[in-house]
Amino acid sequence: MALIVQKYGGTSVGDVERVKRVARRVIQARLAGHDLVVVVSAMAGETDRLLALAAQVSDSPDERELDVILATGEQLSIGLLCLAIQQNGQKARSFTGSQVRIQTDTAHTRAKILSIEADRVRQALREGAIAIVAGFQGVTAEDEVTTLGRGGSDLTAVAMAAALKADVCEVYTDVDGVYTADPDVVPEARKLARISYDEMLELASLGAKVLQARAVEYAKNYAVPIHVRSSFNMSQGTLVVQEDAEMEKVVVSGIAYNKNEAKITVLRVADRPGIAARLFGRVAEAAIVVDMIVQNISQDGTTDISFTVPNADYQKTMQIVSEVAKEIGAQQAVGDERIAKVSIVGVGMRTHSGVAARMFEALAREKINIMMISTSEIKVSCVIDAEYAELAVRVLHDAFGLAEGATVEERW
Ligand code: ADP
Ligand code: ASP
Ligand code: MG
C-alpha cells in the first residue's frame with residue numbers, strides 16, 4: 001500500500017461531469033488499497049474570472065483582498081469533489097490551505113511555503129478517508145489567506161508529497177505527459193518517458209506551463225518524484241526524477257517559448273563604470289526582475305543597453321528607465337512588447353559543441369532575426385519577433401530531430 005498525492009488541474013475539474021470522473025478515478029486508486037491525498041485546482045477559467053471581477057471594481061487591487069478572492073476558486077473545487085466521492089459511498093474530507101496549515105510568508109499573490117503541519121490530513125487518512133486539499137493557497141502566521149502564484153496547485157501537491165513523505169506525486173492534466181514541445185504548437189512532439197529535474201525546471205521557467213517552475217524546484221530539493229499524466233486516459237505519463245546516465249545521451253530534450261516578456265533599449269548611454277549599476281539598481285529597487293541583458297560594443301564613448309522584463313512590469317519599467325535615461329544623459333529609452341523568447345533545453349549540451357550554432361542556423365533559414373541571446377549550461381534562449389514564436393518552435397523541433405519518427409541520425 002502506497003501513500004499517493006494526486007493533483008488535478010483546472011481542465012480536469014472543468015465542469016461537473018469532469019469532477020465526477022475525477023471522483024471515480026480517485027476511488028479506483030483508493031480501492032486498489034492506497035492512501036490518497038488529492039490536491040485540486042479551481043475549475044478551468046475560474047481564477048481568470050475572479051481576477052477580472054477584481055479588476056472591474058479596482059484599478060490596482062489590494063493584494064491581501066485579491067488573495068481572499070482568488071482562494072475561493074479552489075475552495076469550490078474541493079467541496080464539489082468531496083461530494084462526488086461521498087456520492088459513490090467513499091469517505092472523503094476537504095481541507096483549505098489554512099486548515100492544513102500550509103504556512104507561507106506574507107508575499108500576497110506569490111507567497112512562499114515555509115512549513116506544512118498537515119495533522120488534520122494525517123488524521124483523516126488514519127480514519128480511512130480520502131483527504132482533498134485546496135491547491136494554490138496558504139495562510140500566514142497571522143492567519144491571512146495567501147496564494148502561491150499562477151499554476152501554484154502544482155506546488156501545493158509537491159509540498160504535500162514532501163511533507164507526508166508520499167511515494168509519488170501524480171500530476172493529472174489535459175496532456176498525457178511532458179512533451180518535447182507544447183503539443184498544441186508542435187503536433188508531432190514526442191512524449192518523454194523521463195526527464196531530469198534540472199531540464200524540467202528550465203523548460204518550466206522558459207514557458208512550458210505543464211508544470212509550475214517553483215513546484216519543480218521544490219520537488220528537486222525534497223527529491224519528490226513527479227509523474228505527469230492525463231486525467232482523461234490511463235496511459236503511462238512522464239516521470240520527473242533525478243538525472244541518470246541514460247539522460248546524458250540526449251543533447252536537446254525540449255523546446256519552450258514564452259511571449260510574456262517585453263524588451264527595453266536605452267540608446268546612447270555613456271560607456272563609463274557605474275552607469276549600468278545605476279540603471280539596473282533603480283529597476284531592482286522597484287522589485288522588477290530583469291531577465292536578459294545585452295550591451296552593444298561602444299562607439300564614440302556611448303553604447304546601447306537592451307534588457308527584458310515581464311510584460312506585467314513593462315509600463316512601470318519604461319517609466320523608471322525613461323527617468324534614469326534623462327539623469328545619465330542617455331538619448332532615450334525605447335520599448336518593444338511584441339517579442340518572444342524561444343529556448344532549447346538539454347543536459348547533454350554540457351558536453352556537446354555546435355548546439356547553439358545549429359539553433360541559429362535553423363532560425364536563419366526561416367529568416368527569423370535574433371535580437372538577443374542568452375545561454376546557461378543546459379539551455380540556449382533567443383529573443384525574436386513574437387510573430388514568429390510558433391514557427392521558431394516548430395523549426396527548432398525539427399532541426400534537433402525531436403519528432404516522433406525521427407531517425408537516430410536526425411536526433412541530437
Ligand atoms: P493544468 O490546468 O492541469 O494545471 P496547464 O494548462 O497548467 O494544466 O498545463 C498543461 C498544458 O501545458 C497543456 O495543455 C499544454 O498545452 C501545455 N504545455 C506547454 N508545454 C508543454 C510540454 N512541453 N509538454 C506538455 N504540455 C505542455
Ligand atoms: N487556479 C490557479 C491558477 O489558475 C492555480 C492552479 O491552477 O494551479 O493559476
Ligand atoms: Mg497548471
Side-chain angles (χ1 to χ4, degrees), residues 6-15 18 22 38-52 66-67 69-78 97 109-111 133-138 146-160 169-193 195 199-216 226 228-232 235 237-238 240 252-260 342-346 389-390 393-394 396-397 402-403:
Q6 297 190 335
K7 179 256 170 178
Y8 292 89
T11 334
S12 307
V13 293
D15 57 35
R18 287 185 173 182
V22 167
V38 181
V39 174
V40 266
S41 290
M43 296 166 94
E46 180 66 3
T47 306
D48 288 333
R49 189 184 74 88
L50 295 169
L51 280 170
L66 210 47
D67 276 349
I69 295 167
L70 290 181
T72 64
E74 270 70 13
Q75 192 163 331
L76 171 61
S77 305
I78 53 170
T109 73
R110 53 188 175 283
V133 174
F136 180 53
Q137 53 179 261
T146 52
T147 62
L148 310 175
R150 296 309 302 267
S153 297
D154 294 339
L155 178 58
T156 306
V158 168
M160 286 303 298
C169 178
E170 298 179 337
V171 174
Y172 288 85
T173 180
D174 57 1
V175 272
D176 59 1
V178 178
Y179 280 69
T180 47
D182 187 341
D184 280 352
V185 176
V186 186
E188 59 278 9
R190 184 167 43 89
K191 182 166 77 183
L192 300 163
I195 187 168
E199 287 169 309
M200 192 62 238
L201 182 55
E202 287 285 8
L203 284 175
S205 312
L206 295 167
K209 74 165 181 170
V210 61
L211 285 176
Q212 191 208 32
R214 285 173 60 191
V216 180
I226 302 179
V228 180
R229 51 194 309 192
S230 169
S231 62
F232 303 110
S235 68
T238 301
V240 187
V252 173
S253 299
I255 318 281
Y257 78 107
N258 109 47
K259 291 180 174 177
N260 304 327
V342 287
S343 311
I344 57 173
V345 172
E390 288 81 5
V393 171
R394 285 191 284 269
L396 293 172
H397 196 267
L402 291 172

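Each ligand, and each atom within it, is numbered from 1 in the order the structure gives.
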In the protein, what heavy atom is nearest to [atom], and what distance, to one decimal place, separates them?
atom	answer
atom 21 (C) of ligand 1	D182 CA, 3.6 Å
atom 25 (C) of ligand 1	G177 O, 3.4 Å
atom 4 (O) of ligand 1	K7 NZ, 3.1 Å
atom 27 (C) of ligand 1	V210 CB, 3.7 Å
atom 1 (P) of ligand 1	T173 OG1, 3.6 Å
atom 3 (C) of ligand 2	R150 NE, 3.4 Å
atom 7 (O) of ligand 2	S41 OG, 3.1 Å
atom 24 (N) of ligand 1	Y179 N, 2.9 Å
atom 7 (O) of ligand 1	K209 O, 3.4 Å

Which part of [X] is near ligand 1, with near meaning a heavy atom under 4.0 Å away: side chain, backbone, both or neither?
X	answer
K191	neither
V175	side chain
S12	neither

So that I can tick it off, tell me whether R229 and E170 are bridged by a salt bridge, with the cut-off set at under 4.0 angstrom between side-chain N and carboxylate O.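 Answer for the salt bridge query: yes.
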With a 4.0 Å cut-off on N to O distance, would you call D174 and R18 a salt bridge?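 No, no charged N to carboxylate O under 4.0 Å.
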Show the nearest heavy-atom pair for residues [X] and [Y], with the distance to one decimal.
X	Y	value
V22	S12	CG2-O, 3.3 Å
G9	S41	CA-OG, 3.6 Å
S253	L402	O-CD2, 4.2 Å

Set out, in order, the CA-CA distance, both residues' side-chain angles and the distance that settles salt bridge (charged side-chain N to carboxylate O under 4.0 Å, His left out) for R150 and D48, then state yes or no. CA-CA 10 Å; R150 296 309 302 267; D48 288 333; 3.0 Å; yes
So, T147 and Q137: side-chain donor and acceptor under 3.5 Å apart, yes or no?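 Note: T147 and Q137 side chains miss the donor-acceptor criterion.
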Which atoms of ligand 1 sit under 4.0 Å from any heavy atom of V178?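 Near V178, meaning under 4.0 Å from one of its heavy atoms, ligand 1 has 24 (N).
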Taking N or O atoms only and a 3.5 Å limit, does G10 qualify as a polar contact for ligand 1?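 N/O-N/O distance under 3.5 Å: yes.
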Could you tell me whether D184 and ligand 1 have an N or O pair separated by under 3.5 Å?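 Yes - when backbone and side-chain N and O of D184 are compared with those of ligand 1, one distance drops under 3.5 Å.
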Does a side-chain heavy-atom distance below 4.5 Å link [X] with [Y]?
X	Y	result
V216	Q212	no
Y172	K7	no
L70	T47	yes
V228	I226	yes

Close approach of P183 to ligand 1, heavy atoms, under 4.0 angstrom: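 P183: in contact with ligand 1 (<4.0 Å).
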contact_flag G151 ligand 2 heavy-atom lt 4.0 Å: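 Flag set, G151 near ligand 2.
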Does some non-hydrogen atom of G152 fall short of 4.0 Å from ligand 2?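 Yes, that is the case, since the closest heavy atom of the residue is under 4.0 Å from the ligand.
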Heavy atom under 4.0 Å from ligand 2: found in E74's side chain, backbone, both, or neither?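 It is the side chain that gets close, since no backbone atom is under 4.0 Å.
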Quick check on Q75: does its CD atom have over 12 non-hydrogen neighbours (other residues, nucleotides or ligands) under 6.0 Å away?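 Result for CD/Q75: open.
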For atom 13 (C) of ligand 1, which of V13, L211, D174 has the closest heavy atom?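 Checking each option, the heavy atom nearest atom 13 (C) of ligand 1 is found in D174.
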